[in-house]
Amino acid sequence: MTSTFNTQLYSLSFAAFILREIMDHPQEDETPQSRLKQVGMMSILYIMNQGHQALTISNLVEITKLTRMGVSEVIEPLLKRGMLTETFVKNSMGRGKARQFEIAPEIFEKLRAFGQSS
């Protein structure tokens with residue numbers, strides 16, 4: 001039971017951290033709507049990450065039902081903020097390149113530090 005509780009607590013900590021980081025630190029020319037979309041996207045990315053799903057544009061399009069451009073518009077500010085890292089991998093057909101994202105390790109380091117200090 002403790003393990004489930006810790007997992008839930010960690011998920012809540014992640015959500016609270018992301019919410020504060022995005023909403024309390026607006027970027028230049030960024031709307032409140034854009035920040036809310038970023039919070040939502042980070043929540044989806046976290047769930048995908050926990051489920052060991054590849055964080056790719058194609059997977060995000062499939063899950064969110066947004067267009068590729070719509071996903072990219074939300075991802076770009078997260079890359080700029082340093083919340084995501086980006087690499088290029090072979091696409092699912094083995095030809096060409098696909099963008100793959102990872103939640104920045106620094107976010108998890110900050111959350112671990114927070115958990116140890118409480």
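- If you take CG on L78 and NZ on K37, they are separated by 12.0 Å, rounding to the nearest 0.5 Å.
- Every side-chain hydrogen bond (donor to acceptor under 3.5 Å, both in side chains) that E86 has, sequence neighbours left out, goes to R99.
- A search for ring pair (Phe, Tyr, Trp, His ring centres under 6.0 Å) contacts involving F101 returns nothing, not counting sequence neighbours.
- The two residues L111 and S13 make their nearest non-hydrogen contact at CD2-O, 3.6 Å.
- Here the CD1 atom belonging to I75 is positioned 9.5 Å from the CD atom belonging to Q38, to the nearest 0.5 angstrom.
- The nearest pair of heavy atoms linking E30 to H25 is OE1-O, 4.5 Å.
- With sequence neighbours excluded, no residue forms a side-chain hydrogen bond (donor to acceptor under 3.5 Å, both in side chains) with S43.
- Ring planes of F108 and Y10: parallel class, angle under 30° (limits at 30 and 60°).
- Put simply, I44 and I47 are part of two different groups of oily side chains (I, L, V, M, F, W, Y) that touch within less than 4.5 Å, one to the next.
- Within the 4.5 Å cutoff, no side-chain heavy atoms of L84 are placed close to those of E102.
- Distance check: K97 NZ to T87 OG1 gives 10.0 Å after rounding to the nearest 0.5 Å.
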- Item | Check against side-chain contact (heavy atoms from CB on, under 4.5 Å), Q100 and F88 | CA-CA 6 Å; Q100 185 163 318; F88 289 91; over 6 Å; no
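- Here the shortest heavy-atom pairing between P26 and R81 reads CA-NH2, 4.1 Å.
- Put simply, CE on M69 and CD1 on I57 are 10.0 Å apart, with the number rounded to the nearest 0.5 Å.
- With rounding to the nearest 0.5 Å, the separation of CD1 in I107 from CZ in R112 is 11.5 Å.
- Contact between A104 and G82 at its shortest, heavy atoms only, is CB-O, 3.1 Å.
- Hydrophobic clustering of Ile, Leu, Val, Met, Phe, Trp and Tyr side chains at less than 4.5 Å, counting indirect connections, keeps L45 apart from V89.
- I103 CD1 to F14 CZ: the interatomic distance, rounded to the nearest 0.5 Å, is 4.0 Å.
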- Message: Go through it in stages, so that I can follow the logic: the residues are R68 and L60, the test is side-chain contact (heavy atoms from CB on, under 4.5 Å), and I'd like the CA-CA distance, side-chain angles, deciding distance and then a yes or no.
- Response: CA-CA 8 Å; R68 293 181 75 76; L60 287 165; over 6 Å; no
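- Residues N49 and L55 come closest through the heavy atom pair N-CD2, 3.9 Å.
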